[in-house]
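Structure, as structure tokens:
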Protein chains: 2
Amino acid sequence: MATIKQVAKHANVSVATVSRVMNKSGYVSEEAKEAVEKAIAELNYAPNRVARSLYKKSSNLIGLIMPDITNPFFPQLARAIEDVANQHGYQVVLCNTDEQLEKEQTYLVALQTMHVDGLIITTNHSHNPNYETLDLPMVALDRIVKAGIDAVVSDGYEGGKLAADTLLQHGATRLAHIAGPDHLKTVKRRTEGFVEVAGEKLVGMTESTFTFKDALKASQELFDHAWPFDGIFAANDVIAAAVLQEAVRRDIRVPEELQVIGYDGIELGEMTSPPLTTIVQPIYEMGRLATERLLDLIEKKDTRPREMLLPVTLLERHTTKRKER
Amino acid sequence: MATIKQVAKHANVSVATVSRVMNKSGYVSEEAKEAVEKAIAELNYAPNRVARSLYKKSSNLIGLIMPDITNPFFPQLARAIEDVANQHGYQVVLCNTDEQLEKEQTYLVALQTMHVDGLIITTNHSHNPNYETLDLPMVALDRIVKAGIDAVVSDGYEGGKLAADTLLQHGATRLAHIAGPDHLKTVKRRTEGFVEVAGEKLVGMTESTFTFKDALKASQELFDHAWPFDGIFAANDVIAAAVLQEAVRRDIRVPEELQVIGYDGIELGEMTSPPLTTIVQPIYEMGRLATERLLDLIEKKDTRPREMLLPVTLLERHTTKRKER
DNA sequence: TTGTAAGCGTTATCAT
DNA sequence: ATGATAACGCTTACAA
């Protein structure tokens with residue numbers, strides 16, 4: 001790769017002049033400009049971002065810290081983030097923490113020493129002392145790290161209520177629920193909302209992680225102990241898929257005998273049989289918003305509100321009945 | 001963040017000495033070493049990777065170029081890559097190209113100017129002139145870029161044959177197939193293998209992209225035009241899921257009336273009803289191998305073979321019958 | 001064993 | 001309008 005020095009020599013000007021035309025800063029004669037541009041083209045020059053980083057203390061890199069890209073909720077988020085970052089000339093460094101504090105810690109210093117300009121974090125360790133001392137622009141996504149750190153999340157509480165409402169309105173009278181991991185506050189909200197409106201109608205409830213295996217086990221337990229119920233809300237779509245699978249194994253007809261509603265709106269829900277009714281979070285939108293917010297923070301345009309609570313919607317596919325009346 | 005200069009002052013030595021203890025290079029007295037280590041601890045010093053990059057012309061960054069992380073085949077790959085990269089002190093920057101030559105091009109220069117040490121590419125543009133001129137270590141993954149570039153792929157041809165064999169052995173007599181996009185050579189191999197052993201028994205065949213919507217459309221067409229058949233092989237698991245969904249919509253019992261086999265072995269296959277029998281590629285393994293190979297290339301330990309063809313296995317879940325006899 | 005200083009490729013200040 | 005040059009934080013000859 002050519003350097004600015006070579007370009008300068010080639011164009012018979014100084015490096016300062018080359019820098020000026022690259023950055024459109026300061027005065028430069030038409031003549032010089034043309035010579036430089038010609039040299040740049042001929043040498044196929046592109047400025048060395050590492051050198052620029054060193055001087056400017058800014059790398060146009062953002063760090064993306066998530067539990068596990070393999071969890072089907074995250075790829076869409078990552079995609080959104082990468083899209084808008086890229087549109088603004090930033091690249092993203094991907095980090096999978098498996099929710100382990102130690103990995104998180106290691107990444108944090110790696111990211112810091114490479115001078116990323118900001119961080120997007122999807123993590124639960126609100127108590128992680130690291131984030132407090134860190135003075136990097138950052139925004140939490142789908143999780144709330146702590147007051148004082150920007151966050152974008154969707155309205156799980158409303159989502160839970162919406163799920164219960166829907167089930168009830170579609171004629172269900174005995175409701176069940178599989179909650180998500182207890183330590184995820186944003187997920188817990190879904191359960192709270194659901195329980196709130198389900199009230200007396202709630203006849204069974206258990207908990208599961210977001211892996212399919214665990215979800216299957218939880219489903220089986222629930223069917224064993226709490227059956228019969230005619231409406232069930234799962235804390236995410238993966239769990240809902242497990243419920244569905246277990247239901248067909250038991251020859252329970254969905255939605256005639258049992259209606260099921262998932263949560264998230266990931267593509268998986270489209271692929272089950274029957275296709276899954278679900279509460280959709282605007283996942284891509286969340287990623288987009290978080291990244292735009294981060295970029296604003298980085299560029300010191302610290303304007304918009306600090307926490308964004310996005311609305312959630314019902315997507316009726318075929319695991320709920322067509323609305324009565 | 002503290003700099004090496006501050007550490008030096010704090011420890012009453014020169015920056016050279018600090019550098020020596022950081023890198024365990026050259027001589028340094030026990031005394032000095034201790035003083036430096038103490039200073040490092042006290043100032044919480046971590047060397048600036050940008051500065052180091054500039055001097056060493058190596059960033060400990062690797063670029064990961066893939067079509068779309070949102071496609072369920074890729075997250076596992078990305079995870080594997082990130083895992084082994086991380087174990088070796090490298091970070092990965094994620095790039096989604098949507099298979100667009102132009103985006104690919106843009107990323108390539110961005111990555112190059114930030115001095116990534118190597119590239120892992122999952123792309124089809126074998127004719128992309130960019131890769132030829134680029135002199136960066138790189139390995140192609142799941143795709144073959146061109147002779148001369150390292151690649152790790154799995155044995156699609158054997159996979160296709162295995163699928164046909166299995167269907168036949170399990171009593172199917174009228175075979176159908178939905179192929180993947182024509183421009184993906186590694187995917188085409190699956191079709192070739194399948195067709196090879198299906199022979200006369202092949203009664204219907206069509207083609208689809210890897211999006212679920214398209215796959216559903218293709219399935220419907222196939223059912224409309226080629227029915228009846230009692231065994232079908234889909235070029236990947238997403239297409240297989242579409243076939244499954246369409247089959248239940250038509251009240252075709254799987255596997256009694258129709259056996260289906262997918263390809264890839266992604267988690268989705270576990271979540272369908274019934275769970276999908278599939279040809280599994282060792283996805284994580286492929287990512288791991290590719291990355292290890294890349295790291296070897298980067299570190300000039302250019303030893304192992306240049307192309308790796310990984311074996312594929314049959315995972316019998318419930319869309320095929322239990323073996324007869 | 002240790003320190004001085006050049007150099008990595010930029011940007012920006014300050015003369016001219 | 002342009003060119004020298006210091007500075008960014010590090011590594012590594014080379015000298016001492």
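The chains referred to below are lettered A, B, ... by the order of the sequence lines, with proteins before strands, and numbering in each begins at 1. Given the structure is predicted, the values throughout are model-derived calculations rather than measurements. What's counted below: heavy atoms across the whole structure, side chains too, no hydrogens, waters or symmetry copies.
- The separation between Asn23(B) atom CG and dC10(D) atom C1' is 9 Å, rounded to whole Å.
- Contact annotation: Lys56(A) does not reach the phosphate of dA7(D) (side-chain N/O to OP1 or OP2, under 4.0 Å).
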Stepwise side chain to side chain donor-acceptor pair (under 3.5 Å) check, Arg49(A) with Gln91(A):
CA-CA 12 Å; Arg49(A) 279 173 64 177; Gln91(A) 267 67 52; 2.8 Å; yes
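- Residue Asn48(A) places no side-chain N or O under 4.0 Å from the OP1 or OP2 atom of dC8(C).
- If you measure from atom CE of Met22(A) to atom P of dT11(C), you get 7 Å, rounded to the nearest angstrom.
- Between Tyr27(A) and dG3(D) there is no side-chain polar atom (N or O) within less than 4.0 angstrom of OP1 or OP2.
- Relative to the side chain of Ser14(A), the nucleotides dT1(C), dA4(D), dT11(D) differ in distance, and dA4(D) lies closest.
- Note on Tyr45(A): a side-chain N or O is less than 4.0 Å away from OP1 or OP2 of dT10(C).
- In this structure, the nucleotide among dT11(D), dA12(C), dT10(C) sitting nearest to the side chain of Arg52(B) is dT11(D).
- Atom-to-atom, CZ of Arg49(B) to C1' of dC10(D) comes out at 14 Å; the value is rounded to the nearest Å.
- Comparing dT2(D), dC10(D), dT2(C) by their nearest atom to the side chain of Ser29(A) picks out dT2(D).
- For Thr17(B), taking side-chain heavy atoms from C-beta onward, the closest of the listed nucleotides dT11(C), dG3(C), dC10(D) is dG3(C).
- A straight line from CD1 of Ile4(A) to P of dC8(C) spans 14 Å, rounded to a whole angstrom.
- Taking the side chain of Lys57(B) as heavy atoms from C-beta on, and the options dT2(D), dG9(C), dA1(D), the nearest nucleotide is dG9(C).
- Ser58(A) and Asp117(A) form a side-chain donor-acceptor contact under 3.5 Å, judged by distance and modelled atom types alone.
- With rounding to whole Å, Glu30(B) atom CD is found 16 Å from dT2(C) atom C1'.
- Counting only heavy atoms from C-beta outward, the side chains of Val13(B) and Val18(B) approach each other to under 4.5 Å.
- Residue-environment remark: NZ (Lys9(A)) stays at or below the threshold of 12 foreign heavy atoms within 6.0 Å.
- Between Ile40(B) atom CD1 and dC10(D) atom P the separation is 11 Å, expressed in whole Å.
- Put simply, Ser19(A) has no side-chain N or O that comes within less than 4.0 Å of OP1 or OP2 on dT10(C).
- Sequence order on DNA chain C of the closest nucleotides to Tyr55(B) and Gly26(B) puts Gly26(B) first from the 5' end.
- Candidate nucleotides dA12(C), dT10(C), dC10(D) were compared by shortest atom distance to the side chain of Ala51(B), and dC10(D) ranks first.
- The distance between atom NZ of Lys5(A) and atom C1' of dA6(C), rounded to the nearest whole Å, is 11 Å.
- Side chain of Ala16(B), nearest nucleotide from dT2(C), dT4(C), dT2(D): dT4(C).
- The base of dG3(D) sits with one of its N or O atoms less than 3.5 Å from a complementary donor or acceptor on the side chain of Arg20(A).
- The side-chain hydrogen bond (donor to acceptor under 3.5 Å, both in side chains) test with Arg79(B) is passed by exactly one of Asp68(A), Asn71(A), Thr70(A): Asp68(A).
- In this entry the distance linking CE of Met114(A) with C1' of dC8(D) reads 18 Å, nearest Å.
- Dashed line: the shortest gap from a side-chain N or O of Ser53(B) to OP1 or OP2 of dC8(C) is not under 4.0 Å.
- With DNA chain C read from its 5' end, the first of the two nearest nucleotides for Leu54(A) and Val13(B) is the one closest to Val13(B).
- No engagement by Val50(A) is indicated, since no non-hydrogen atom pair under 4.0 Å with the nucleic acid exists.
- A salt bridge links Glu99(A) with Arg143(A): the distance from a Lys NZ or Arg NE/NH1/NH2 to an Asp or Glu carboxylate oxygen falls below 4.0 Å.
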